Amino acid sequence: AQSVAQPEDQVNVAEGNPLTVKCTYSVSGNPYLFWYVQYPNRGLQFLLKYITGDNLVKGSYGFEAEFNKSQTSFHLKKPSALVSDSALYFCAVRDMASGGSYIPTFGRGTSLIVHP
Amino acid sequence: DTAVSQTPKYLVTQMGNDKSIKCEQNLGHDTMYWYKQDSKKFLKIMFSYNNKELIINETVPNRFSPKSPDKAHLNLHINSLELGDSAVYFCASSQDPGELFFGEGSRLTVL
């Protein structure tokens, strides 16, 4: 069975500082990993994904994430946070070994608060 | 053009009523989903359809019945609504195994 853990309910960072939102996963095969962002009263929006290739993937709005197979992690990062980055962030995983089922599993979400 | 659209956006109803939420995607994707987001923002998969066929049916009361008339539509019908059904319901679509595209959500309040 696949699972995703986001160990922090909330991350606080000052505007202009780097930010990290943590995600670890568990799958039986090779993972497909995703990050999504949800603004208040909106649907989730795709930010970036890791399928294969370079461990560092770049996505929308200046976000990037690093795939670390040995630590089974896929942390979301941004070099300089903006107040407008404040939102709820979800990590998700798809297990390509799960008998052809591609149903993604989502973490519980991390609320990012960027202070002016 | 909205990629994944769901209606209504808000739904307020009494316990025991029956209601439906409609979803349409114009992305040409093969797979559609219904997710439930509770008050703690946790996302739980309810159903998944691939080319009009049900492929995932998680532990959901049988009062919830999805219907997919074609691969661009996945509707959710809920019978005998209960207080605990109050949540935001999200429709999504994808072209496997890529990312999901979500609708804006339908907030259901059961009184």
Side-chain angles (χ1 to χ4, degrees), chain A residues 1-6 8-10 21 23 27 29-52 57 59-60 63 65 74 86-113, chain B residues 2-10 21 23-25 27 29-51 53-60 66 74 87-109:
Chain A
Q2 59 190 31
S3 66
V4 176
Q6 293 181 243
E8 303 151 317
D9 288 339
Q10 186 172 299
V21 183
C23 172
V27 298
N30 291 322
Y32 283 19
L33 294 156
F34 305 82
W35 276 101
Y36 295 83
V37 61
Q38 184 180 27
Y39 297 101
N41 300 313
R42 302 294 302 276
L44 280 72
Q45 297 175 35
F46 168 72
L47 276 180
L48 51 80
K49 65 184 175 186
Y50 171 82
I51 304 296
T52 186
V57 294
S60 308
F63 284 93
F74 189 58
S86 299
L88 188 58
Y89 290 81
F90 289 94
C91 182
V93 65
R94 279 181 150 173
D95 184 350
M96 301 313 296
S98 55
S101 167
Y102 298 120
I103 306 303
T105 297
F106 283 81
R108 58 185 299 155
T110 298
S111 177
L112 173 67
I113 300 174
Chain B
T2 303
V4 180
S5 59
Q6 49 182 116
T7 55
K9 190 171 174 68
Y10 298 98
I21 307 172
C23 180
E24 175 181 4
Q25 55 100 359
L27 298 167
H29 290 164
D30 288 335
T31 308
M32 295 186 72
Y33 312 80
W34 277 108
Y35 279 85
K36 179 180 180 181
Q37 187 173 45
D38 62 22
S39 57
K40 294 185 178 180
K41 305 298 184 183
F42 185 68
L43 272 170
K44 180 180 163 65
I45 182 73
M46 299 175 70
F47 303 102
S48 175
Y49 271 70
N50 183 274
N51 276 317
E53 291 193 15
L54 179 66
I55 58 171
I56 286 288
N57 182 355
E58 292 295 312
T59 307
V60 174
L74 180 61
V88 182
Y89 293 84
F90 285 102
C91 177
S93 72
S94 72
Q95 192 62 32
D96 289 335
E99 63 272 23
L100 270 62
F101 290 76
F102 283 81
E104 291 295 290
S106 297
R107 181 177 296 275
L108 172 65
T109 303

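Letters go in sequence order (proteins before strands), and every chain restarts at 1. The model shown is predicted, which means the values in this text are computed figures rather than measured ones.
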What part of [X] gets closer than 4.5 Å to chain A, counting heavy atoms only: side chain, backbone, both or neither?
X	answer
Lys44(B)	neither
Ser94(B)	side chain
Gln37(B)	side chain

Mind checking whether Phe106(A) and Tyr35(B) have ring centres under 6.0 Å apart?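 Ring-ring flag for Phe106(A)/Tyr35(B): true, centres closer than 6.0 Å.
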Backbone N/O of Phe101(B) and side chain of Tyr36(A): donor-acceptor pair under 3.5 Å: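 No, because the side chain of Tyr36(A) does not come within donor-acceptor range (under 3.5 Å) of the backbone of Phe101(B).
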Is there a donor-acceptor pair closer than 3.5 Å between any side-chain N or O of Arg94(A) and the backbone N or O of Gly98(B)?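 Checking the backbone N and O of Gly98(B) against the side chain of Arg94(A), a donor-acceptor pair under 3.5 Å is found.
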Any idea which heavy atoms bring [X] and [Y] closest together, and the distance?
X	Y	answer
Pro97(B)	Tyr32(A)	CG-CE2, 2.9 Å
Phe46(A)	Glu99(B)	CD1-CB, 3.3 Å
Asn41(A)	Lys9(B)	O-NZ, 3.9 Å

Sort Leu44(A) into side chain, backbone, both or neither according to what part of it lies under 4.5 angstrom from a heavy atom of chain B.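 Leu44(A) touches chain B through backbone and side-chain heavy atoms alike.
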Side chain from CB out, backbone as N, CA, C, O: work out which of these in Gln38(A) comes under 4.5 Å of a heavy atom of chain B, or both, or neither.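 Gln38(A) touches chain B through side-chain heavy atoms alone.
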More than 12 heavy atoms of other residues, nucleotides or ligands under 6.0 Å from CD of Glu53(B): yes or no?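 Counting other residues, nucleotides and ligands, CD of Glu53(B) stays at 12 neighbours or fewer.
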Interatomic distance, Phe90(A) atom CZ to Leu43(B) atom CG [nearest 0.5 angstrom]: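 It is 4.5 Å, given to the nearest 0.5 Å.
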